[in-house]
Structure formats: C-alpha cells, structure tokens
Amino acid sequence: MIPEQPNHVVSTIENLPAESISASPGLLHRMRNVFSREMLLSVALGQVLSLLICGIKLTSKYLSEDFHANTPLFQSFLNYILLFLVYTTTLAVRQGEENLLAILKRRWWKYMFLGIIDIEATYLVVKAHQYTTFISIQLLNCFVIPVVILLSWFFLLVRYKVLHFIGAIACILGIGCMAGADVLMGRQQKDDFYPGDSKLIGDVLVLGGATLYGISSVCQEYIVRNLSRIELLGMIGLFGSFFSGIQLAIMEHKELLKVPWDWQIGLLYVGFTACIFGLYSFMPVVIKKTSATAINLSMLTAELYTFFCGLFLFHYKFSGLYLLSFFTILLGLLFYFSTNTYIAQDPRVYKQFRNPSGPVVELPSSGQQEPSVTYTSLSQETEEEPRVRVA
C-alpha cells in the first residue's frame, strides 16, 4: 500500500510553475552542449599541436645545450624546404585556377609578406633567449592572445561572448602560475646575467615576435576558410624557403660550419623537422575546425608538456603549482570552447543585437535604415542559432 503524501507536499507540487518543472531537462541539455563531442574534440586537437611543439622544444634543447648546435635559421629552413617539396610541387601539377602560376599571378605579394612574417616571428623569439630570461619570454609570449583577438575582431569580424574572455584570462593566469612555479623551483636564469638594457631588448623582441605570430595566425585562418590549406602551405613553403635561405646564408653560415656532425645530431635534426612539419601541416586543419584564437590558447600547454618530459629527461624539480597551472589552462579552454563565436557579415556594423529566445527579431527603424547583421557559427552546431536582423 502506497502511503499518502502530506497535504502540504501535494499543495507545494501543485503550485509549482510549469517553468520550474521543465527546468531540469533544459539544464541537462545545456550540460550536454557544454561537454559536447565537438567541444572535447576541439580541445584534443589543440593538445596535439601542443605535443608537437613539445617535441620541437625538446629536440632544440638537445641540439643547443648538449651538442652546441645553435642553428635556429637552418632548422626553420629544413621545414620550409620540406613544405616546398610536398605542397608547392602539389600546386605546380594542378590545373586551372589552383595552379601555382595562376596563384602567383593573383596573390604573390600577399604570400611573400606572409612568408617573411612567419620567418621573422620565429627568429625574434629565438633571438630573445640571448637577451632576457626564460620567465619573461613565457609571460610576454601571451601577448599573442590579445593580438589575435583584436585582429580577429576587426579584420575577420569575429564576435566573442563573456565566456570566451573568461576562458582566455584563465589560460593566461595558468601561464602566470607556471612562471611562478619556475621562480620557486629555481628554473629562472640569474638576473645578473642579463643587464637591464639587455633585458629590455629581449622583451621587445618577444613582443615583436608575439605580434608577428598573431598576424600570421589570423592570416592563416582567413586563407584556410576562404581558399585552401594546400595553397597556404605551398606558398609558405615557396617564399619561406627562399627568404630563410637568404637569411641563413647571411647570418648563420658560420654557426652551421661549427656543428660537430654525427648520427645523433642528424637524428635530432630529423626529429625536429618531423615535429615542425607536422605542426605546420596540421595547424590549418585545427584552425579551420576552431579558430586562430583557440589554437593560440590551446598551445599554451606546450610549455607544461615540455616540463613534464623534463622531469624524466633533465631531472627538473616538481611542484604542485605546475599541475595547478595545467588544469587552470584546461579549465580556461573548456570555458572558451563551451560556446560558439559568431561572425558579423556586414563590416559597417559593430553593434549587434541577439535575442536568445526567438529565431528572428525585427527592430523598428528610426529614419535611416541600418545594414543587416547575420551571425554565422564558426563551428558545427546541433541546432540552428537565432539570427537578428536590423531592418
């Protein structure tokens, strides 16, 4: 026999509004959206890029510290040559408008500047290690995040939500936590080794490199969304190998002659080239799936993967702050990927209106008509997003 419910319980249930009763399914639906397969896949793809950067850093560290092979330009040159052999030759055998010569006739000067930017971004950051501390480089490299956000806002017309900014701030805080752990564990270089003027030069070089990285990332996002990945990589391989070869011959030929060549150094160069070639080849895929801002946030974990490998390879000292930093960055990524960014299709409009409860809202016009604004999701969604049209 089922016991009777007390009268006050029955009365409370009867008086509940319909909205409260239906709130639980809505909450479950929101949770499914937050931890969707698309979101987890986006985070995982970013971490693949971070692991490739970890491989680049480890091989570079062995080359420079164990074998005294300080050849960053030569290492980049090997990557550009490989891009040329794989992707530029692919463009050369294509027919029609996607042929190498047809692309060069239309856009050669744009790809020339992109190739130079890509070369110098890496060179400036590597050069900064001679002038300033590793901690400064870690922190100032985060300057790429606001650069990419601003360029995406004004040139790609990407619109962000509050959760995106919360996620970006959390990722940067994670890097700050990692830098603090480096200081506590004694991984930073001594300040006396870097005089004040020298550190200022190094910091300016890092900021310049981060700015160029941001410009390169946004340009790559535009190209892979509007043209093709093969065209992007083929043109970078063409102009990158040309200009990095010239810079190598002028600035690094003496260092290259000092390298004590043997099979171990050769293997490290092969490992480095494989990692950086994989990074360049895979990055446009992830950019098209997510965005330039998203991949730059995701790649902040690369330093932590390098540290975790260094625990076994270089006997680094461990601190719980590194784990806190790692999970803070991952939490920031979850915040960032939990909601979609949108594109304002009309560049003349910078103030948009969005009504989450209805598909289309007609706003009355007062006098002069404003151009319409359309929102397009940058990632695949399970349900159609509402659109606002300013009549």
Side-chain angles (χ1 to χ4, degrees), residues 50 53-54 56-61 63-65 68-80 112-151 171-172 175-176 178-180 182-183 187-220 236 239-240 243-256 272 276 279-280 283 292 295-297 299-300 302-303 306-307:
S50 284
I53 295 176
C54 173
I56 292 169
K57 289 179 177 291
L58 290 176
T59 51
S60 296
K61 184 177 178 64
L63 283 169
S64 62
E65 295 188 3
H68 306 289
N70 297 306
T71 57
L73 286 174
F74 176 66
Q75 291 165 229
S76 297
F77 178 71
L78 292 176
N79 172 53
Y80 292 124
M112 182 185 71
F113 281 115
L114 179 59
I116 294 173
I117 287 171
D118 192 75
I119 295 168
E120 299 310 320
T122 304
Y123 178 74
L124 289 179
V125 175
V126 172
K127 192 69 175 176
H129 284 80
Q130 301 177 15
Y131 297 96
T132 189
T133 62
F134 183 66
I135 306 299
S136 295
I137 293 173
Q138 280 181 320
L139 294 175
L140 292 176
N141 254 333
C142 295
F143 185 66
V144 70
I145 305 301
V147 169
V148 172
I149 289 176
L150 288 174
L151 291 177
C171 291
I172 294 174
I175 290 294
M178 179 177 62
D182 285 342
V183 172
R187 286 186 64 204
Q188 81 281 12
Q189 298 98 327
K190 298 297 183 183
D191 288 342
D192 295 341
F193 187 75
Y194 298 97
D197 293 341
S198 171
K199 291 180 67 176
L200 179 60
I201 293 172
D203 292 347
V204 171
L205 290 175
V206 177
L207 291 175
T211 302
L212 293 180
Y213 268 128
I215 296 171
S216 176
S217 296
V218 173
C219 291
Q220 289 184 43
I236 288 181
F239 289 104
F243 288 108
S244 66
I246 294 174
Q247 193 170 359
L248 168 65
I250 296 173
M251 304 178 65
E252 209 174 76
H253 64 279
K254 293 182 180 179
E255 287 292 333
L256 195 57
F272 174 90
I276 195 169
L279 178 68
Y280 270 69
M283 186 179 293
I295 65 162
N296 280 282
L297 289 172
M299 291 189 297
L300 292 178
E303 293 289 351
T306 306
F307 168 77

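Numbering starts at 1 and runs along the sequence shown.
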In Å, rounded to the nearest 0.5 Å, how long is the span from [atom1] of [X] to [atom2] of [Y]?
X: M299; Y: L279; atom1: CE; atom2: CG; result: 6.5 Å
X: L73; Y: Y80; atom1: CG; atom2: OH; result: 9.5 Å
X: I172; Y: L300; atom1: CD1; atom2: CG; result: 7.5 Å
X: L256; Y: N70; atom1: CG; atom2: CG; result: 11.5 Å
X: S60; Y: E65; atom1: OG; atom2: CD; result: 10.5 Å
X: Q138; Y: M178; atom1: CD; atom2: CE; result: 4.0 Å

Less than 4.5 Å apart, side chain to side chain, heavy atoms only: is that true for [X] and [Y]?
X: T122; Y: Y213; result: yes
X: D118; Y: Y280; result: yes
X: Q247; Y: Y123; result: yes
X: F272; Y: L78; result: no
X: S136; Y: V206; result: no
X: T71; Y: L63; result: no

Over all heavy atoms of both residues, which pair between [X] and [Y] is shortest? Give the atoms and the distance, please.
X: L140; Y: A210; result: O-CB, 4.2 Å
X: C219; Y: L114; result: CB-CD1, 3.9 Å
X: A292; Y: S217; result: CB-O, 3.6 Å
X: K57; Y: T306; result: CD-OG1, 3.5 Å
X: C171; Y: L297; result: CB-CD2, 3.9 Å
X: I56; Y: I276; result: CD1-CA, 3.6 Å

Discussion item. Testing I149, N296, V148, V147 one by one against V218 for a side-chain contact (heavy atoms from CB on, under 4.5 Å), which residue passes?
Written reply: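 By the side-chain contact (heavy atoms from CB on, under 4.5 Å) criterion, V218 pairs with just one of I149, N296, V148, V147: V148.
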[X] side chain to [Y] main-chain N or O, any donor-acceptor pair under 3.5 Å?
X: S216; Y: L212; value: no
X: E252; Y: F74; value: yes
X: N79; Y: Q75; value: no

